[in-house]
Each structure stands twice: as C-alpha cells, then as structure tokens.
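Following: one structure in structure tokens, then a few remarks.
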Number of protein chains: 2
Amino acid sequence: MATKRISAVLLDGGVCCAPLSAAPLAVADAAELARVFAALADPVRLRLLSLVAAGGEVCSCDLEVPLGKSQPTISHHTKALADAGLLVGEKRGRWMMWQVVPERLAALRAALS
Amino acid sequence: MATKRISAVLLDGGVCCAPLSAAPLAVADAAELARVFAALADPVRLRLLSLVAAGGEVCSCDLEVPLGKSQPTISHHTKALADAGLLVGEKRGRWMMWQVVPERLAALRAALS
DNA sequence: CGGGTAGATTGACGGCTGTCGATGTATCGA
DNA sequence: TCGATACATCGACAGCCGTCAATCTACCCG
C-alpha cells in the first residue's frame, strides 16, 4: 500500500513527465529518483552497467575479472542495479544473464531535462 | 595535477561522447560520472536542484522553507551540487544566487545512452 | 560605527554502504 | 551419487554522508 503510487517519471516507457526543470519535484518523486541515482553513484556499478550495455547480454561470471572485484561484491552490485530497475537478470542453467533496461535509462534522461 | 585529465563526457558543452552503452566505461570516466550521480543521489538535493531549475535563479534563503531543512544543511547541499558542476552560485550583496548548469545536465543525459 | 542578517564552517552523532571471507544453495557433468 | 561450478546470503568492518547546534565571516543599513 505504501507504494501504490510511483513516480510517473519512472513508470511507463520512461519517456514520461515531470522533468526536473519543469516544476519543483514532489517529495515522493524525489525519493524515487534519488534511489535510482544512488544505484549509479558508484564507479564499479557504472562500469558494470556499461559492460552489460555494451555486451547486450552478460553473465555474472564474466564480470569479476574486468571489474576486479570478488564474487560477493559483483552479486551485491548486480542486485543493487536490478533493484533500481536498471538491470534485469534471467537465470539460465548455472548462469545468471544480465541485460539493461533501456526504458529505465530513457526515463532518467527525461527526468534530467 | 591529479585531475589534469577529466572525462570528456563531462567537459565541453557536455554533449560529448562515451555513452554508457557504446563501450565499456574507462575507470577514470566511471569515477567522475559516479561523483556527479552521487550528488543526485539525495532526495533533498534533487528537490533543491529542481527548485533552482524551475525558478531560474534562486536565493539560498528561499530554499530553507520549501525544503524544510536547517540553514547549514542547505549550505551543505548547495556546495555538493556546485562541486558536481550542476549548480553555479553568484554572491550578490548579502545573498547567494544559484543557477543550474544546463550543459552539465545535458552531459549526464548523453552519458546515459 | 554598531546591530542585524545571509551564508559558510566546524564538530559531533547516527546511519548507510562497499568490501570481503565464509557459508549456503542450485545446477551440471562424470 | 559425487565433485565442481555459479551464484546468493550472512556477518563483520571501515569509511562516507546527511543532519543539526554552535560559531565565525561578510555584508548591509541606520
């Protein structure tokens, strides 16, 4: 019930409304947006997101080496990005395959205008 | 000297290069980007930025009431946004007037593609 | 000058977060 | 069934961050 309403900026295709400069951000919208930006506020997560974005579909096991972090740390970061809606994962056999959610990135771009 | 080189994404008009999905983000670029996103990863700062963006030019003294925070906290947040290059301030008499840096927002949008 | 106001700075406190080792769970191959 | 692999979870630790009261600095006006 607490989250019946979610910022319109972050729903739908993400090409929505309420850009920063149009009108003062509502408190709830600001909280939601901040949650997503917080997911991007870490250099390791940004590189992880970039690796997945550039690769199209990437396995968790292929992230440890390029990022130079331990397996639990990689798992921690993929979860953070997934919780923010920026990544979706699909378990395929033994492997976890990750993809970016382009609509989510578009929603962020829309909010930053 | 430590910052001789700064991510091209965040310099120039900000309409630059190196979008996330094009190629894996360089370590230095990721660090710079993360610094800016960290500035946006707080609901109070997002509302502050939005207030300034919507108002065009806003005095610090006009931020305490709508944000519901103490004066030192407001000062802390304006400094954080200014350090991230998202806000510029001009001291005019007794008042500090703030404006957004649209190029910076554009640079972030460019990076998120 | 002197009083008042706007803002920055400092110090302190509580909470959040990135990191890793250790452990648990599921899946595949032999 | 057994060993190995991929991933998640837990617990712990260190460092960072948002917040405020108190204080300091700069500026205006009378």
Side-chain angles (χ1 to χ4, degrees), chain A residues 25 27-28 30-52 55 57-99, chain B residues 25 27-28 30-52 55 57-99:
Chain A
L25 224 51
V27 174
E32 254 299 297
L33 257 184
R35 266 179 19 89
V36 183
F37 281 130
L40 297 174
D42 179 275
V44 175
R45 278 199 292 270
L46 279 178
R47 288 168 55 214
L48 196 163
L49 187 65
S50 180
L51 281 169
V52 175
E57 195 179 44
V58 175
C59 169
S60 282
C61 58
D62 290 330
L63 292 170
E64 295 185 33
V65 171
L67 293 176
K69 296 293 170 185
S70 71
Q71 179 269 320
T73 299
I74 299 295
S75 184
H76 170 71
H77 286 313
T78 50
K79 176 168 171 23
L81 288 169
D83 285 348
L86 294 165
L87 239 51
V88 282
E90 178 192 351
K91 183 149 195 172
R92 198 171 306 161
R94 242 180 307 195
W95 298 280
M96 194 65 178
M97 305 302 294
W98 296 99
Q99 283 184 260
Chain B
L25 223 51
V27 174
E32 254 300 297
L33 256 185
R35 266 180 20 90
V36 183
F37 281 129
L40 296 174
D42 180 275
V44 175
R45 278 199 293 270
L46 279 179
R47 287 168 56 213
L48 196 163
L49 186 66
S50 180
L51 280 169
V52 175
E57 196 179 42
V58 174
C59 169
S60 281
C61 58
D62 290 329
L63 292 170
E64 295 185 33
V65 171
L67 293 177
K69 297 293 171 185
S70 70
Q71 179 270 320
T73 298
I74 300 294
S75 184
H76 170 71
H77 286 313
T78 50
K79 177 169 172 20
L81 288 168
D83 285 348
L86 293 164
L87 241 50
V88 281
E90 181 192 351
K91 184 147 194 174
R92 197 172 305 162
R94 242 180 306 194
W95 298 279
M96 193 66 176
M97 306 300 295
W98 297 99
Q99 283 184 262

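So that the names make sense, note that chain A is the first sequence line, chain B the second, and so on, each numbered from 1. Owing to the predicted nature of the structure, the values given are computational and were not obtained by experimental measurement.
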Validation row: B:Leu46, A:Phe37 side chains within 4.5 angstrom (heavy atoms): yes
By side-chain hydrogen bond (donor to acceptor under 3.5 Å, both in side chains) - contacts of A:Thr78 (at least two apart): none
Comparing A:His76 and A:Trp95 on DNA chain D - which has the more 5′ nearest nucleotide: A:Trp95
Rounded distance (nearest 0.5 Å) linking atom CG of B:Leu63 with atom CZ of B:Arg47: 10.5 Å
Gap between atoms CG and C1', on B:Leu48 and D:dG18 respectively (whole Å): 14 Å
B:His77 NE2 - D:dC17 P separation (whole Å): 12 Å
Shortest non-hydrogen separation from B:Ser50 to A:Leu25 and the atoms involved: OG-N, 2.9 Å
Exercise: identify the closest heavy-atom pair between B:Ala39 and B:Leu86: CB-CD1, 4.2 Å
Side-chain heavy-atom pair A:Leu81, A:Val52 within 4.5 angstrom cut-off: no
Atom pair NE2 (B:His76) and CG (B:Asp42), whose distance is rounded to the nearest 0.5 Å: 8.0 Å
5'-most by nearest nucleotide on DNA chain C - B:Thr78 or A:Val44: B:Thr78
Rounded distance in Å - CG (B:Leu46) to P (D:dG18): 11 Å
Non-hydrogen side-chain atoms of A:Thr73 and A:Leu67 separated by less than 4.5 Å: no
First of A:Gly93 and A:Ala80 reached from the 5' end of DNA chain C, by closest nucleotide: A:Ala80
For atom CZ of A:Arg94 and atom C1' of D:dA4, their distance in whole Å: 7 Å
Between OG on residue B:Ser60 and CZ on residue B:Arg94, distance to nearest 0.5 Å: 14.5 Å
Touch class at under 4.0 angstrom, heavy-atom based, for A:Arg92 against every strand present: nothing
Interface residues of residues 58-72 of chain A with DNA chain C (non-hydrogen, below 4.0 angstrom): A:Lys69, A:Ser70, A:Pro72
Residue whose closest nucleotide on DNA chain D lies nearer the 5' end, A:Lys91 versus B:Lys91: A:Lys91
Range on DNA chain C touched by chain B - first to last nucleotide, heavy-atom distance under 4.0 Å: C:dG4 to C:dT9
Length of the line joining A:Asp42:CG and D:dC16:P, which is rounded to integer Å: 13 Å
